[in-house]
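All residue numbers refer to positions in the sequence shown, counting from 1. Predicted model, so just to flag it, every value in this text is computed and none were measured.
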Amino acid sequence: MADALGVAVVGFGWMGRVHTQAYARLPHHYPRLPLRPRLITVAEEVPGRAEEAAERFGFASATRDWREVAADPRVQAVSVTAPNFLHREIGVAMAQAGKHLWIEKPVGLTAGDARAVADAVAAAGVQGAVGFNYRNAPAVEAARELIVSGELGAVTHVRIRLFSDYAAHPDSALTWRYERARGGSGVLGDLASHGADLARFLLGDIASLTADTAVFVPERARPSAATAGHALASGGEPGPVENEDYVGCLLRFASGARGVLEACRVSVGEQNSYGFEVHGTRGAVFWDFRRMNELRVSRGTTYQDQPVSTVYVGPGAGEFAAFQPGAANAMGYDDLKVIEAYRFVRSIAEGTPYGTTLADAVHSATVLDAMAESARSGRWVSLEACCTG
């Protein structure tokens, strides 16, 4: 019989629910996992939300104060899905309290914040995982294998896009996401953090970059009450949008490859349009999150007019076999978080990291800081020289 692992969730918006459901699903997809999560407590400062979550999902208790979670001896592992500006304080406190930590990206507002959490996790000797879920897609892992194996030849260039319309409506409420002090660098932390992680996961370290940013919806209405998700708030007192709606970035990789990374949260007509195109000297691979279980692959020795084939990933790719029995049976977004939960809990059980770590968060955050510095200065920024604070 599996041993119980007492878990807590801090912050119960949409992502808190996703983490909770991922814990609950682990025994179904990974029955041999030696630890079985037990939902101990949920913390959420919005009145009534934690109690509602406890009743709905079966947490043993609820609180409005995350500090009670840090002090609770029943809790061994914590998911932090609170707003960005709270990541550093909560993440460091949980690690110092001896709790294993699964924290959502971007892990604070700066690379310094991410590094502080990473250092706290290392000093405490606990396991840490970060919510870079797109790299968990079996098709993405299969694409990486194609690249690493050399089947595409030497990689020459990559294009990574993360376009969404969640902030496109001019009546979207002016929540913490749009404030520099609480939301950090806007779309950089929200979407480009995933792009930076995918770039490094697929192609290795980024050596330097140059970036441009813009705010396209400069003013929004303040909400009159607590909000969840991307609610509308027409008629409220207007306030300025302080952080970025868009970033476009040119990348130079340590390998010599070149890249383009774009992210935008106000792309009308785009719903979760995330993906990449990787080109090599002998082939190419393409992935679109909206067709998550497919790859388009070109390989061979034809070069000119070389055809592109659609490949449906199956049980041989990543963690696909834990969810579906054969190729072309679809997996979905929530499944990626179950994989993330599995790798986090396996790390705890075996005492060694599996999947994303706080080191990955530091790398991504360093890239984001470099993007922001480049946008301010108008210059290329070296990743070795930038953002050491």
Side-chain angles (χ1 to χ4, degrees), residues 15 83-84 104-111 114 130-135 137 140 157-169 172 175-180 183-203 206 208-218 220 229-230 241-253 258-278 286-290 292 333 336 356 360-361 363-376 380-381 383 386-387:
M15 188 54 68
N84 299 352
E104 274 303 315
K105 55 83 203 164
V107 191
L109 305 181
T110 65
V130 181
F132 290 129
N133 41 269
Y134 298 110
R135 67 152 71 184
V140 172
H157 59 283
V158 59
R159 180 182 295 273
I160 299 173
R161 73 179 188 286
L162 297 111
F163 295 154
S164 184
D165 64 355
Y166 68 78
H169 201 297
S172 293
T175 65
W176 61 267
R177 291 182 181 278
Y178 304 104
E179 299 175 2
R180 181 73 62 184
S185 55
V187 77
L188 277 72
D190 194 19
L191 294 181
S193 57
H194 284 297
D197 181 67
L198 282 173
R200 180 168 169 266
F201 181 67
L202 294 169
L203 272 70
I206 297 168
S208 60
L209 59 81
T210 186
D212 184 36
T213 62
V215 177
F216 296 130
V217 183
R220 299 179 186 273
H230 307 292
V241 171
E242 299 174 350
N243 54 25
E244 298 84 350
D245 287 331
Y246 169 86
V247 60
C249 186
L250 298 179
L251 307 169
R252 292 174 179 166
F253 290 86
R258 298 298 194 262
V260 176
L261 191 160
E262 276 191 292
C264 185
R265 65 190 181 187
V266 296
S267 299
V268 175
E270 298 278 16
Q271 295 87 39
N272 299 324
S273 179
Y274 310 151
F276 56 75
E277 308 162 10
V278 179
F286 311 87
W287 180 72
D288 186 327
F289 168 66
R290 296 166 300 181
M292 192 179 84
Y333 175 89
L336 303 184
T356 57
D360 296 311
H363 279 288
S364 175
T366 301
V367 172
L368 301 185
D369 281 5
M371 288 181 185
E373 172 59 27
S374 176
R376 283 192 295 267
W380 281 86
V381 175
L383 270 296
C386 175
C387 319

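To the nearest 0.5 angstrom, S267 atom OG is 8.5 Å from F216 atom CZ. One distance of note links OG of S172 with OH of Y166; it measures 10.0 Å at 0.5 Å rounding. In this structure, NE2 on H363 lies 7.5 Å from OG1 on T366, to the nearest 0.5 angstrom. Rounding to the nearest 0.5 angstrom, the gap separating the OG atom in S273 from the CG atom in D288 is 6.0 Å. Note that CG of N243 and CG of D190 are 9.5 Å apart. Values are rounded to the nearest 0.5 Å. Atom-to-atom distance recorded for L202:CG and F276:CZ is 5.0 Å, nearest 0.5 angstrom.
With sequence neighbours excluded, the residues satisfying salt bridge (charged side-chain N to carboxylate O under 4.0 Å, His left out) with E270 are R290. For the salt bridge (charged side-chain N to carboxylate O under 4.0 Å, His left out) test, residues two or more places apart in sequence or in another chain that qualify with D360 are R135, R200. The side-chain hydrogen bond (donor to acceptor under 3.5 Å, both in side chains) test applied to Y246 returns E262, not counting sequence neighbours. In this structure, the side-chain contact (heavy atoms from CB on, under 4.5 Å) partners of A263, at least two apart in sequence or on a different chain, are L162, V187, L191, A192, V247. The salt bridge (charged side-chain N to carboxylate O under 4.0 Å, His left out) check on R180 picks up E244, with sequence neighbours excluded. T210 meets the side-chain hydrogen bond (donor to acceptor under 3.5 Å, both in side chains) test with S374; sequence neighbours excluded. In this view, Q271 and D165 satisfy the side-chain hydrogen bond (donor to acceptor under 3.5 Å, both in side chains) rule, not counting sequence neighbours. Residues satisfying the salt bridge (charged side-chain N to carboxylate O under 4.0 Å, His left out) criterion with R220, sequence neighbours excluded, are absent altogether. Partners of E242 under the side-chain hydrogen bond (donor to acceptor under 3.5 Å, both in side chains) rule, at least two apart in sequence or in another chain, do not exist in this structure. When the ring-ring contact (aromatic ring centres under 6.0 Å, His included) test is applied to Y274, the partners found at least two apart in sequence or on another chain are Y134, F289.
At most 12 non-hydrogen atoms from other residues, nucleotides or ligands lie less than 6.0 angstrom from CZ of R159.
Counting all heavy atoms, side chain and backbone alike, A211 lies closest to M371 at CB-O, 3.7 Å. Between A114 and P106 the shortest heavy-atom distance is CB-O, 4.4 Å. When every heavy atom of G195 is checked against every heavy atom of I160, the shortest pair comes out as O-CD1, 3.7 Å. The shortest non-hydrogen separation linking N84 to K105 is OD1-O, 4.3 Å. Contact between L209 and C249 at its shortest, heavy atoms only, is CB-SG, 3.8 Å. Smallest separation of non-hydrogen atoms from A370 and L383: CB-CD1, 4.1 Å.
Looking only at distances, no side-chain donor or acceptor of D245 sits under 3.5 Å from a matching main-chain atom of V266. No donor-acceptor pair under 3.5 Å is formed between the side chain of N133 and the backbone N or O of L336.
Contact check for V140 versus F201: side-chain heavy atoms found under the 4.5 Å cut-off.
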Could you walk me through whether R265 and Y178 pass side chain to side chain contact (heavy atoms under 4.5 Å, CB included), step by step?
CA-CA 11 Å; R265 65 190 181 187; Y178 304 104; 3.3 Å; yes
*asked:* Please determine whether side chain to side chain contact (heavy atoms under 4.5 Å, CB included) holds for the pair L250 and W380, giving the CA-CA distance in whole Å, both sets of side-chain angles, and the decisive distance to 0.1 Å.
replied: CA-CA 9 Å; L250 298 179; W380 281 86; 4.0 Å; yes
